[in-house]
Amino acid sequence: MSEEIFKILGKKGVIKILDCIVVKRRKYGEIENILGNPSTTTRHLKILEKKGIVRREVHMEKYRPVYYYLTEKGKKIHKLVKEIQEEYE
């Protein structure tokens with residue numbers, strides 16, 4: 001992992017995002033409710049998407065919900081983060 005990934009993971013709320021979408025995809029609003037700040041949520045999701053950690057999926061339903069979920073790369077990173085957290089709790 002590059003130093004840049006560690007900087008991203010160190011940002012407040014990023015690990016919460018990964019925890020939120022590791023098991024199932026979530027709507028943007030659900031993720032925003034967890035972080036509590038729309039601009040931070042959007043900024044973090046864009047960075048994670050750009051790095052290939054998170055994938056964004058827009059559905060063509062009535063209100064065009066936007067879902068986010070972890071990519072395989074994101075799942076690997078999440079697993080490593082959890083192992084580190086468990087080791088140093």
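Side-chain atoms are counted along with the backbone in the values below, which use heavy atoms only and exclude waters and symmetry mates.
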In this structure, would [X] and [Y] fall into the same cluster of hydrophobic residues linked by side-chain contacts under 4.5 Å?
X: Leu18; Y: Ile5; answer: yes
X: Val66; Y: Tyr69; answer: no
X: Ile34; Y: Val23; answer: no
X: Leu45; Y: Tyr67; answer: no
X: Val14; Y: Ile47; answer: yes

Kindly write out the residues that satisfy salt bridge (charged side-chain N to carboxylate O under 4.0 Å, His left out) with [X], not counting sequence neighbours, or none if the list is empty.
X: Arg55; value: none
X: Lys46; value: none
X: Lys75; value: Glu72

Between [atom1] on residue [X] and [atom2] on residue [Y], distance to nearest 0.5 Å:
X: Ile53; Y: Lys76; atom1: CD1; atom2: NZ; answer: 12.5 Å
X: Glu32; Y: Cys20; atom1: CD; atom2: SG; answer: 12.0 Å
X: Leu9; Y: Glu4; atom1: CG; atom2: CD; answer: 10.5 Å

Sequence neighbours excluded and cut-off under 3.5 Å, please list the side-chain donor-acceptor pairs for residues 80-89, or say none.
residue	atom	partner	partner atom	Å
Lys82	NZ	Asp19	OD1	3.1
Lys82	NZ	Asp19	OD2	3.2
Lys82	NZ	Gln85	OE1	2.6

Side chains of Thr71 and Val54 in contact at under 4.5 Å (non-hydrogen atoms): no
Side chain proximity check, Leu70 to Ile77, heavy atoms < 4.5 angstrom: no
For residues 35-42, tabulate all N or O donor-acceptor pairs below 3.5 Å that involve a side-chain atom, not counting sequence neighbours.
residue	atom	partner	partner atom	Å
Asn37	OD1	Ser39	N	3.1
Asn37	OD1	Ser39	OG	2.9
Asn37	OD1	Thr40	N	3.2
Asn37	ND2	Thr40	OG1	3.4
Thr40	OG1	Arg43	NH2	3.4
Thr41	OG1	Asn37	O	2.8
Thr42	OG1	Tyr28	OH	2.9
Thr42	OG1	Pro38	O	3.0

Of His44, Arg26, Lys11, which is the lone residue that meets side chain to side chain contact (heavy atoms under 4.5 Å, CB included) with Ile17? His44
Set of residues satisfying side chain to side chain donor-acceptor pair (under 3.5 Å) with respect to Tyr68, sequence neighbours excluded: Arg56
